[in-house]
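All remarks here apply to the structure that follows.
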Amino acid sequence: MSKRMVVDLDVDKTAIDTNLDKRYHLGSVHSDARAQMPEKQLFSFAEYKAQDAERIGYSNYSYWKSVWQNFLKKKSAVFVAIVFVLLFIFTFVAVKISRFDANNLRIDTKLMFTSPNKEFWFGTDNLGRDYWSQVWSATRTSILLSVSVSLGQIFVGVCIGLVWGYVRKLDRFFTELYNFIDNIPTIIYMTLIALMIGKSTLIMGIAMVAFYWLGTARNVRNLVFMYRDREYNLASRCLGTPLMRILGRNIFPYLVSVIILRLALSIPGIIAYETTLSYLGLLDISTPSLGILLRNARSYFLDYPYLLVFPAAIVSLITITFYLVGNAFSDACDPRNHV
């Protein structure tokens, strides 16, 4: 059996830290002491300050501020928006600087079909009336009518579309109502209203709101289907969140860009539709509008083209303006484009 050999190494024992054992035993004493301490001494609640908590979670991000910044990056859209604002302001200025009152134009057959000159800046119509004052007064009327009808139909369409898409029990009712109204041409409804109720601008405006909301409501309803059953909406329903709060806080923000685009595109569409109604004689001609001027100029276009060129140019400018501004603002409202 072999013997174990023990080698005595020459080690400097003074270099060894003799406090290690003391530290170890000291820590064990403290651990034992902490284990015997009551819970109130071991744990204490951290002090909560609402201001400090909000300061930690504060963000400089603002949705509408970001929308505005993104919109300003589109120089072409900003330019045409400024052009439209100046155009609308000029409709009030042009009437003031005109030599003739648009509401009390004198009929003078001697001056009919006068070409544009220093006295009659846009010439005269078939009755010898100043065309400048008529065009700008009609422009103001058409803009106000189109904006009012567009805002009205967007408001009605969005409200009905949100309820239509979220409340499943009402889907059948609104679908049948949509099919019933949409299957009949709108011009038939407008003709019946004009013949039975009246042709005033107010009546026709209300009638257009009553039928134009269908497309907006249908579009909103399809979008609500995409967001209705997402996790945060299911959690809100489980927590008992009211219906209107879910629609207004959880779903509506996702539809802003689409709503803005439809609003911008519906304004020139209303002007074009108003032009069609005027062309068919379904609007009261006592209130001048661009549609009425275009209707009256159709018989004299070949011989006196200026009667059609001036109102048609303004309609085209408004249409192009809202198309460019609407697309740019819709892109700016999309949260995915925010940094």
Side-chain angles (χ1 to χ4, degrees), residues 79-150 190 194 199-202 204-205 208 267-325:
F79 174 75
V80 295
I82 294 175
V83 170
F84 174 76
V85 172
L86 295 177
L87 175 67
F88 182 66
I89 294 175
F90 189 73
T91 58
F92 295 91
V93 177
V95 177
K96 298 297 182 182
I97 64 176
S98 177
R99 300 179 182 179
F100 306 93
D101 185 5
N103 297 322
N104 297 301
L105 292 175
R106 185 181 63 180
I107 298 176
D108 190 351
T109 56
K110 297 179 180 179
L111 298 175
M112 65 181 194
F113 299 123
T114 301
S115 300
N117 52 50
K118 295 181 180 180
E119 182 178 3
F120 300 101
W121 297 331
F122 279 2
T124 61
D125 61 2
N126 58 320
L127 299 177
R129 298 174 299 182
D130 178 57
Y131 206 52
W132 167 275
S133 57
Q134 293 185 64
V135 168
W136 292 114
S137 178
T139 301
R140 183 174 67 249
T141 301
S142 295
I143 291 176
L144 293 175
L145 175 64
S146 60
V147 171
S148 301
V149 172
S150 298
M190 302 302 292
K199 301 180 180 180
S200 67
T201 304
L202 178 61
M204 288 293 101
M208 282 188 278
I267 292 177
I270 294 296
I271 293 180
Y273 194 70
E274 178 260 330
T275 302
T276 302
L277 294 178
S278 301
Y279 187 84
L280 297 175
L282 299 179
L283 273 178
D284 185 10
I285 61 174
S286 61
T287 303
S289 64
L290 293 176
I292 293 175
L293 295 184
L294 293 173
R295 170 178 173 268
N296 296 336
R298 71 181 188 271
S299 302
Y300 314 106
F301 170 65
L302 296 178
D303 297 326
Y304 309 99
Y306 66 88
L307 294 175
L308 187 64
V309 168
F310 291 123
I314 294 176
V315 171
S316 301
L317 178 62
I318 294 174
T319 303
I320 295 173
T321 297
F322 275 99
Y323 177 78
L324 295 177
V325 173

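All values below were derived from every heavy atom in this structure, side-chain atoms included, with hydrogens, water molecules and symmetry-related copies excluded.
Across every non-hydrogen atom of Gly123 and Tyr306, the tightest pair is CA-CE1, 4.2 Å. Of all heavy-atom pairs between Lys199 and Met204, the closest is O-CG, 4.1 Å. The two atoms that bring Pro311 and Leu290 nearest to each other are CB-CD2, 4.1 Å, heavy atoms only. Nearest approach of Gly205 to Leu145, heavy atoms of both residues: CA-CD1, 4.2 Å.
Atom CZ of Phe90 has more than 12 heavy atoms from other residues, nucleotides or ligands within 6.0 Å. Counted within 6.0 Å of CZ on Arg106, heavy atoms from surrounding residues, nucleotides or ligands total 12 or fewer; the atom is thus considered open.
Paired with Phe322 under the rule side chain to side chain contact (heavy atoms under 4.5 Å, CB included), one option of Ile318, Leu324, Thr319 passes, and it is Ile318.
Side chains of Arg298 and Leu308 form no contact here, defined as non-hydrogen atoms less than 4.5 Å apart. The side-chain heavy atoms of Glu274 and Ser146, taken from C-beta on, include no pair separated by under 4.5 Å. At a threshold of 4.5 Å between non-hydrogen side-chain atoms, the residues Ile314 and Trp136 count as touching. Proximity of Gln134 to Asp125: side-chain heavy atoms (C-beta onward) are separated by under 4.5 Å at one or more points. Using a 4.5 Å cut-off on side-chain heavy atoms (C-beta onward), Phe84 and Val325 make no contact. Annotation: side chain of Asn296 is not in contact with side chain of Leu307 (no heavy-atom distance under 4.5 Å). In this structure, Trp132 and Phe100 have side chains that are not in contact, with every pair of non-hydrogen atoms separated by 4.5 Å or more.
Proximity of a side-chain donor or acceptor of Arg140 to a complementary backbone N or O of Ser137 within less than 3.5 Å is not detected. Side-chain atoms of Thr124 come within 3.5 Å of backbone atoms of Leu111 as a donor-acceptor pair (strictly under, hydrogens ignored). The main-chain N or O of Ala94 is never found under 3.5 Å from a side-chain atom of Ser98 such that the two would form a donor-acceptor pair.
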Run the side-chain contact (heavy atoms from CB on, under 4.5 Å) check on Leu293 and Phe310 step by step: do they pass?
CA-CA 10 Å; Leu293 295 184; Phe310 291 123; over 6 Å; no
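Taking CD1 of Ile271 as the reference point, atom OG1 of Thr141 lies at 11.0 Å (rounded to 0.5 Å). Note that OG of Ser150 is 4.5 Å distant from CD1 of Ile270, once rounded to the nearest 0.5 Å. Interatomic distance, OG1 of Thr139 versus CZ of Phe92, reported as 11.5 Å (0.5 Å rounding). In this structure, the separation between CD1 on Ile107 and CG on Asn126 is 9.0 Å, given to the nearest 0.5 Å. Residue Leu144 holds its CG atom at 7.5 Å from OG1 of Thr91, rounded to the nearest 0.5 Å. Between atom CD1 of residue Ile82 and atom OG1 of residue Thr321 there is a gap of 11.5 Å, rounded to the nearest 0.5 Å.
Note: Phe113 and Tyr304 have parallel aromatic rings, judged against thresholds of 30 and 60 degrees for the angle between ring planes.
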